[in-house]
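Atoms considered below: every heavy atom in the structure, side chains included; atoms not considered: hydrogens, waters and symmetry mates.
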Amino acid sequence: MAEAVQARLERSLDELHEYRRYMLFTDPEIKAIVVQRKGFEYALRRRQTRYQDFIAFIDYETELEMQRRERKAKRGIRKTLPNSDFAITRHLHNLYQRALQKFKGEMPLWEKYFDFCYKFKSYRQLGKAFATCLQFHGHHPDVWIQAAKFEFDINRDMKAVRSLLQRGLRANKNHQGIWLEYFRSELRYWNIMHQRAVTLGILDKDGKERAEMTQDDSSEPSNKRSKMSKRGKAAAQAASDGEEKDDESDLGATGSGSDEDNDEVDEDDMFDQDEEEKEAQDMMNLIAPPQEDDAEEKADQDAAARAVELAHQVGQSFLSGVVPRIVYFNAIEQNPEDFDFIAEFLSIYRAFAHTEPSRTQIYDMLPRDNPKAIALLCRRPLEDHPDDAQLQPEQWLDAINESSRLFRELLETTDDKALVSDEYIKFLSSALPTVQASEDVKLEKIIALLSDAIDAALSNEVTTTPTAATLAIRFFVSIGDAEQAKRTIANVTNPSSACVASPLVWKMALDGVVLLGLEQFATAAQPATRGRGRRTRASRRAEDAESETEHSLTSAAIDVLQRATQHVTSEEVAFFFEKLWLHHARFRSFRAMEATVKQSISKQAVNAEDLVMRHLNALKMASKPKAMRKFATWVTTSTLHHSATLLNEWLRLELDTTKPDIQYVRSLFERALQEHGKTSDKMWAAYAAFEETKGELARSSEIRWRANQTLDDPSQFHTLCAAQVKAAVDGIQS
């Protein structure tokens with residue numbers, strides 16, 4: 001092992017000499033680098049290599065490379081240093097590859113390597129890393145998406161992008177994130193082609209085909225047409241070869257990444273518009289895996305044919321955006337009733353100019369019998385324009401008035417009033433942040449509309465939903481309407497309310513009480529520090545009257561928390577018990593703290609054990625050993641499961657007291673071992689050590705014998721006992 005480590009260190013001699021020659025590092029720093037690397041190399045050659053050793057070595061070398069670059073720039077060294085400029089980068093690549101060979105399943109390590117390759121522009125290695133990672137983590141959609149972005153942004157290879165995303169869709173069962181990235185990639189590619197067509201004069205500035213270009217194809221330049229025609233035939237032939245050829249070229253396409261010194265890709269070879277429509281349409285057929293049932297296979301073929309037919313209704317040429325439409329209709333075929341998914345596609349469309357025909361087709365095809373689909377249509381007047389478009393105030397007011405009119409008409413006719421009301425409030429709430437504070441007319445309009453919508457949602461006409469209640473509280477808090485916010489909180493947290501069991505409503509109610517309280521009582525005087533002397537009854541009444549307003553915020557928050565613990569289910573109630581206990585702990589109200597913990601146990605909150613340990617610690621810090629023992633005794637009789645962690649914490653706190661009760665400690669040990677004696681070797685060792693410290697050697701020997709008889713695997717117990725003996729001997733010798 002020593003020879004291997006020494007050989008690795010000797011390979012860096014030229015690098016270290018160059019550091020010294022150009023004074024990038026001092027002699028002591030170079031010696032420290034050698035010592036650090038030697039220690040890391042020995043750590044990596046242990047019998048059982050640890051993941052954290054690789055991470056520590058990688059982090060050290062990364063920081064070293066950043067220091068080297070910074071010092072080289074400060075010294076004004078512009079020429080390439082052959083032995084040191086790329087030495088650490090090569091070493092880091094080697095470290096990452098060694099780590100990934102041993103820890104292939106560690107996805108954070110892969111992500112760290114991807115970031116490193118991007119940061120240092122090691123694109124060839126990044127392509128290989130994506131290809132290898134996908135072999136082991138094909139069911140991670142994010143890896144497919146990152147690999148596709150790399151191929152588009154760096155390699156500019158649209159064919160590889162399509163291949164990767166289609167394989168990702170098959171491996172991840174039509175994952176929506178991959179569909180959206182596929183659609184976005186096709187749209188970005190179409191946008192590049194569209195801009196080039198405008199530059200070349202094929203399209204005018206509005207994206208429409210020029211009249212002189214609509215003549216026969218023979219009038220176009222023959223060289224370009226023949227080149228594109230040949231490539232289109234080749235692509236179609238490749239796509240028609242079937243599944244086997246696609247499998248062979250899948251991950252290999254990712255490995256074709258270029259490094260920073262590669263030549264630029266010829267855009268004419270990349271962007272051939274005649275090739276793309278045929279190639280993309282043919283490759284869409286490869287998304288669905290082969291079906292065993294002929295009927296299912298035929299259904300998939302019919303669905304793909306319908307998608308192509310629908311995409312061609314707006315336009316059949318590549319420049320009309322037919323390929324992104326094919327992707328969209330294939331995605332919607334897999335998720336026909338997911339209108340939030342459709343809204344995502346519309347949002348991506350709005351990021352690009354000249355997509356109005358495609359957006360119009362999507363809106364026109366929405367069903368008129370589904371409330372969520374109609375809600376999308378109602379949002380259209382305000383939302384259906386490019387993201388970079390600037391609406392004039394009059395246009396904005398007309399648009400929001402039209403959307404509001406459509407929503408109100410829908411509320412009058414639909415049976416699902418609660419759903420439509422939620423969509424209406426969410427629409428107005430999303431539009432509110434886009435209005436500047438200086439735009440008084442727009443701000444006044446949207447506040448008025450939102451107030452009316454919330455009033456209708458909270459009335460008896462519409463069943464109040466958690467979404468509407470949460471947005472209502474947030475709205476009134478944001479505009480500073482304290483009275484309306486408090487009235488809304490009271491209504492939606494009423495025991496007869498339909499959303500009284502929603503944790504989101506109670507959390508928003510708590511935030512509203514805190515924010516409004518802080519704003520309302522920001523100038524209130526702080527409570528005076530009270531002396532230790534006796535107070536008369538009159539003085540106590542005066543102090544209580546003065547502090548009533550000062551502590552009204554805390555009282556209101558506690559009231560919300562207490563009511564939340566009564567109505568929220570056991571799975572979600574942990575948050576409120578923790579907040580309530582912290583509120584009481586702030587004022588050292590130990591009775592209220594204890595009552596909160598007991599209530600969390602009865603409610604079977606998931607954090608009940610954690611609250612018990614925190615309360616025991618609080619009692620110990622307050623020097624209340626009797627109260628701590630009394631509470632701990634009650635816990636043993638409760639329905640709470642006594643885990644080994646809880647019992648160990650209980651024992652630790654008792655032993656840390658000034659005068660621990662020996663008999664009480666022994667009873668705790670016996671109770672703990674009765675429940676966890678077969679598995680808790682540390683508890684047996686602690687019990688034996690406790691008796692030794694008290695001089696009870698016979699008891700200690702008896703406990704060791706019992707441990708050997710009880711533990712399923714006493715080997716670890718023997719190790720702990722040997723460590724205790726060694727520590728005792730070392731203490732005597734010192």
Rounded to the nearest 0.5 Å, what separates atom CD1 in I348 from atom OG in S185? 9.5 Å
Side-chain donor/acceptor of D157 to backbone N/O of A160, under 3.5 Å: yes
Can you list the steps and then say if F114 with C133 is a side-chain contact (heavy atoms from CB on, under 4.5 Å)? CA-CA 10 Å; F114 298 155; C133 181; 3.9 Å; yes
Exercise: identify the closest heavy-atom pair between M23 and R75: O-NE, 2.8 Å
Using the ring of each side chain (for Trp, its six-membered ring), is Y189 parallel, tilted or perpendicular to F152, with breaks at 30° and 60°? perpendicular
Going from CD1 on I55 to CD on E106, what distance comes out if it is rounded to the nearest 0.5 angstrom? 8.5 Å
W144 side chain vs G138 backbone, donor-acceptor pair below 3.5 Å: yes
Evaluate the side-chain proximity of N191 to L187: yes if any heavy-atom separation is below 4.5 Å, no if none is. no
Testing the basics here: between F103 and R50, what is the closest heavy-atom pair and its distance to 0.1 Å? CZ-C, 3.9 Å
In the structure I gave you, are the side-chain heavy atoms of E70 and M66 within less than 4.5 Å of one another anywhere? no
Between A574 and A605, which heavy-atom pair has the shortest distance, and what is it? CA-CB, 4.4 Å
Could you go through E702 and R699, starting from their C-alpha distance and side-chain angles, then the distance that decides it, and tell me whether this counts as salt bridge (Lys or Arg N to Asp or Glu O under 4.0 Å)? CA-CA 5 Å; E702 180 187 355; R699 281 180 176 273; 5.9 Å; no
Taking all non-hydrogen atoms of both residues, which atom of Y60 and which atom of A32 are closest, and how far apart? OH-O, 4.2 Å
Can you list the steps and then say if Q146 with E111 is a side-chain hydrogen bond (donor to acceptor under 3.5 Å, both in side chains)? CA-CA 10 Å; Q146 289 183 60; E111 295 287 348; 3.2 Å; yes
How long is the gap from CD on Q36 to NZ on K31, to the nearest 0.5 Å? 15.5 Å
With rounding to the nearest 0.5 angstrom, report the NE2 to CG distance, H175 to L169. 9.5 Å
Does some side-chain heavy atom of E61 sit less than 4.5 Å from a side-chain heavy atom of F40? no
Parallel, tilted or perpendicular: ring planes of H137 versus W110, cut at 30 and 60 degrees: perpendicular
Check ion pair E29-R71 (N to O, under 4.0 angstrom): yes
Test side chain to side chain contact (heavy atoms under 4.5 Å, CB included), reference K102, set L109, L44, T49, output is T49
Test applied, salt bridge (charged side-chain N to carboxylate O under 4.0 Å, His left out); reference residue, E15; option that passes from R37, R21, R20: R37
Check this for me: does any side-chain nitrogen of one of D115 and K112 sit under 4.0 Å from a carboxylate oxygen of the other? no
Within 6.0 angstrom of K72 NZ, more than 12 heavy atoms from elsewhere: yes
Can you give me the closest heavy-atom contact between H140 and N172, atom names plus distance? N-OD1, 3.9 Å
Ring pair (Phe, Tyr, Trp, His ring centres under 6.0 Å) between H93 and F116: does it pass, once the steps are laid out? CA-CA 9 Å; H93 279 296; F116 165 75; 4.9 Å; yes
Validation row: M158, E186 side chains within 4.5 angstrom (heavy atoms): yes
Is the closest basic N to carboxylate O distance between K159 and E151 below 4.0 Å? no
What's the verdict on side-chain hydrogen bond (donor to acceptor under 3.5 Å, both in side chains) for Y123 and K128, showing C-alpha distance, side-chain angles and the deciding distance? CA-CA 9 Å; Y123 297 136; K128 294 178 181 178; over 6 Å; no
Quick one: does Y328's side chain get under 4.5 Å of W179's, heavy atoms only? no
Before giving the answer on side-chain contact (heavy atoms from CB on, under 4.5 Å), spell out for Q334 and K173 the whole-Å C-alpha distance, their side-chain angles and the decisive distance to 0.1 Å. CA-CA 10 Å; Q334 308 296 329; K173 297 181 180 179; over 6 Å; no
Euclidean distance, Y19 OH relative to R68 CZ, rounded to 0.5 Å: 6.0 Å
Is there side-chain contact between E572 and V606, with at least one heavy-atom pair below 4.5 Å? no
For D142 and K149, what are the C-alpha separation, side-chain angles and deciding distance, and is it a salt bridge (Lys or Arg N to Asp or Glu O under 4.0 Å)? CA-CA 10 Å; D142 291 343; K149 288 181 177 179; over 6 Å; no
For the ring pair Y22 and H17, is the centre-to-centre distance below 6.0 Å? no
Once you round to the nearest 0.5 Å, how far does CG of L13 lie from CD of E18? 12.5 Å
Distance-only, no hydrogens or angles: does the N330 side chain make a donor-acceptor pair with backbone N or O of I326 under 3.5 Å? yes
Should T132 and L100 be marked as a side-chain contact (heavy atoms from CB on, under 4.5 Å) after you check the CA-CA gap, both sets of side-chain angles, and the distance that decides it? CA-CA 10 Å; T132 307; L100 289 169; over 6 Å; no
So, applying salt bridge (charged side-chain N to carboxylate O under 4.0 Å, His left out) with E41, which one of R46, R11, R98 is it? R98
List the steps, then state whether side-chain contact (heavy atoms from CB on, under 4.5 Å) holds for L164 with L134. CA-CA 10 Å; L164 282 166; L134 287 173; 3.9 Å; yes
Short question: side chain of S700, backbone of E696 - any donor-acceptor pair under 3.5 Å? no
T710 and R706 have their tightest heavy-atom pair at OG1-O, 2.7 Å
When you compare the side chain of R162 with that of Y182, does any pair of heavy atoms fall below 4.5 Å? yes
Considering only heavy atoms from C-beta outward, does the side chain of E344 approach that of Q176 to under 4.5 Å? no
Identified ring-ring contact (aromatic ring centres under 6.0 Å, His included) partner of F183 from the options F352, F345, F341: F345
Tell me if the centroids of the rings in Y96 and F54 come within less than 6.0 Å of each other. no
